[in-house]
Amino acid sequence: MPELPEVETVVRALRDPLVGRTFSGFESYWPNQIVVPDDVNQLRDRIRGRTVTAITRRAKYIVMSLDDGAETLIVHLKMTGHLAVVPTDQPVHKHVRNLFHLEDGDDLRFRDVRKFGRIYLVKDPLEILAKLGPEPLEDDFTTDVFTQRIAGRTRVIKPLILDQTIVAGVGNIYADESLFYAKIRPDRHANTLTQSEKDLLWAGIRHSLQNGIDREGASIDSYVKPDGTKGDMQNAVNVFRRTGNPCYDCGTPIERIVLAQRSTHFCPVCQK
DNA sequence: ACCGGAGCCTGTTAGC
DNA sequence: TGCTAACAGGCTCCGG
């Protein structure tokens, strides 16, 4: 499942084959994924002839600037999305839902088994991205900023750090890993955390996300890099999907509970 | 503010 | 073996 590190890996891999390329067409096999504009033909018309001038990441969104910001194409991979530049003469995989033709014989193909992924074409990216919280790996995301953003909150801590308006980009894997790093039980309420626990959680979020980027993502479900190869973060998780297996620190079996309808994994001894 | 549930989806897996 | 039901989960919307 693509979270911040997986999306960052995709963005880095797409830069070389995509920046400087010009769209020449568009085909949709599942238009429900296109949120804006509401008409496929309008998207095709607006995108044709536009050149990708930059690809960046904001939270879990892939942001493609076209003609220096004249238009912005935004893609969210959600659970099973996969984006890659592929030669046009290559057979179209059965899970390709939307396909952007590029000049000079390639396609940008959006594969997505579960069709949860979303596509947006907007004049102003803030139309989609404005509500997001701070980028957790930026220098200005200090422990004081984190403390301030959860101040006064009484919610259970794990759903709180999954809230994209609190801090952007943390998903289920990295939430569990961050809480393990901080030795905090995921079902604690935010207002019960001490300052040193908040500091540790801030560090845990940054550490686990950076580790995920360094390892080019976690190939736990269907996630693979644009070139089809796996990341390495699945080999470095301490708790995620390790239910019943011994904690690497104390040997106690990892437990699984459900919080906010998400499976949650933790060490009942190490995490207080 | 916060929570729970539905909905969006289909491939995989657990259970009978 | 073969079938069905449950499960996976990012995000939004809705009602309480």
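All values reported here derive from a predicted model rather than from experimental measurement. Quick note: numbers below take in every heavy atom, side chains included, and nothing from hydrogens, waters or symmetry partners.
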Checklist entry - Per the end-axis method with five pairs at each terminus, what is the bend angle of the helix from B:dC2-C:dG16 to B:dC16-C:dG2, to 10°? => result 60°
Item to check | Residue whose nearest DNA chain C nucleotide is more 5′ - A:Arg114 or A:Tyr61 | outcome: A:Arg114
Item to check | Contact list for residues 20-42 of chain A, test ring pair (Phe, Tyr, Trp, His ring centres under 6.0 Å), sequence neighbours left out | outcome: A:Phe23-A:Phe100, A:Phe26-A:Phe100
Checklist entry - Among A:Leu77, A:Asn32, A:Val75, A:Val35, which one satisfies side-chain contact (heavy atoms from CB on, under 4.5 Å) with A:Arg118? => result A:Val35
Next on the checklist: A:Lys60: which residues meet the salt bridge (charged side-chain N to carboxylate O under 4.0 Å, His left out) condition with it, sequence neighbours left out?
Outcome noted: none
Next on the checklist: Do A:Asn211 and A:Glu177 make a side-chain contact, defined as non-hydrogen atoms from C-beta onward lying under 4.5 Å apart?
Outcome noted: no
Checklist entry - When we call it a touch if two heavy atoms are under 4.0 Å apart, what does A:Asp112 touch: a base, just sugar-phosphate, or nothing? => result nothing
Checklist outcome for this item: Assign each of A:Gln261 and A:Thr154 the nucleotide of DNA chain B bearing its closest heavy atom; nearer the 5' end lies the nucleotide of A:Thr154
Next on the checklist: Heavy atoms only, 4.0 Å cut-off, all strands: where does A:Thr80 land among base, sugar-phosphate and nothing?
Outcome noted: nothing
Checklist entry - Would A:Arg57 and A:Glu135 pass as an ion pair if we require N to O under 4.0 Å? => result yes
Next on the checklist: What is the first contacted nucleotide of DNA chain B and what is the last, in 5' to 3' order, if contact means an atom lying under 4.0 angstrom from a heavy atom of chain A?
Outcome noted: B:dC2 to B:dG11
Checklist entry - What is the nucleic acid contact for A:Arg111, judged by heavy atoms within less than 4.0 Å: base, sugar-phosphate only, or nothing? => result nothing
Checklist entry - Of A:Thr22, A:Asp107, A:Leu18, which meets side-chain contact (heavy atoms from CB on, under 4.5 Å) against A:Leu102? => result A:Leu18
Item to check | Summary of ring pair (Phe, Tyr, Trp, His ring centres under 6.0 Å) pairs that have at least one residue in residues 242-272 of chain A, sequence neighbours excluded | outcome: A:Phe240-A:His265
Next on the checklist: Please check this pair: side chain of A:Arg155 against backbone of A:Ile150, looking for a donor-acceptor N/O pair closer than 3.5 Å.
Outcome noted: no
Next on the checklist: For A:Ala182, give me all partners under side chain to side chain contact (heavy atoms under 4.5 Å, CB included), at least two apart in sequence or on another chain.
Outcome noted: A:Ile184, A:Leu200, A:Leu201
Checklist entry - Is it true that the side chains of A:Gln195 and A:Asp199 contain a donor and an acceptor less than 3.5 Å apart? => result yes
Checklist entry - Going from CG on A:Leu121 to CZ on A:Arg50, what distance comes out if it is rounded to the nearest 0.5 angstrom? => result 8.5 Å
Item to check | Residue-level proximity of residues 115-128 of chain A to DNA chain C when a heavy atom falls under 4.0 Å | outcome: A:Phe116
Checklist entry - Among all residues two or more places apart in sequence or in another chain, which pass the side chain to side chain contact (heavy atoms under 4.5 Å, CB included) test with A:Ser24? => result A:His101, A:Glu103
Checklist entry - Using a cut-off of 4.0 Å on non-hydrogen atoms, how would the nucleic acid contact of A:Arg155 be classed: base, sugar-phosphate, or nothing? => result sugar-phosphate
Item to check | Comparing A:Arg262 and A:Arg241 on DNA chain C - which has the more 5′ nearest nucleotide | outcome: A:Arg241
Next on the checklist: For DNA chain C, which residues of residues 159-182 of chain A approach it to below 4.0 angstrom with any heavy atom?
Outcome noted: A:Gln164, A:Asn172
Checklist entry - Any donor-acceptor pair under 3.5 Å linking the side chain of A:Glu71 with the backbone of A:Gly69? => result no
Checklist outcome for this item: Outermost contacting nts on DNA chain C, any atom under 4.0 Å from chain A heavy atoms, listed 5' then 3', are C:dA8 to C:dC11
Checklist entry - Please, which pairs that meet ring pair (Phe, Tyr, Trp, His ring centres under 6.0 Å) have at least one residue in residues 159-194 of chain A, sequence neighbours excluded? => result A:Tyr181-A:His207
Item to check | Of all pairs that satisfy side chain to side chain donor-acceptor pair (under 3.5 Å), the ones with a partner from residues 74-84 of chain A, not counting sequence neighbours | outcome: A:Thr80-A:Asp112
Next on the checklist: So that I can tick it off, tell me whether A:Lys225 and A:Asp227 are bridged by a salt bridge, with the cut-off set at under 4.0 angstrom between side-chain N and carboxylate O.
Outcome noted: no
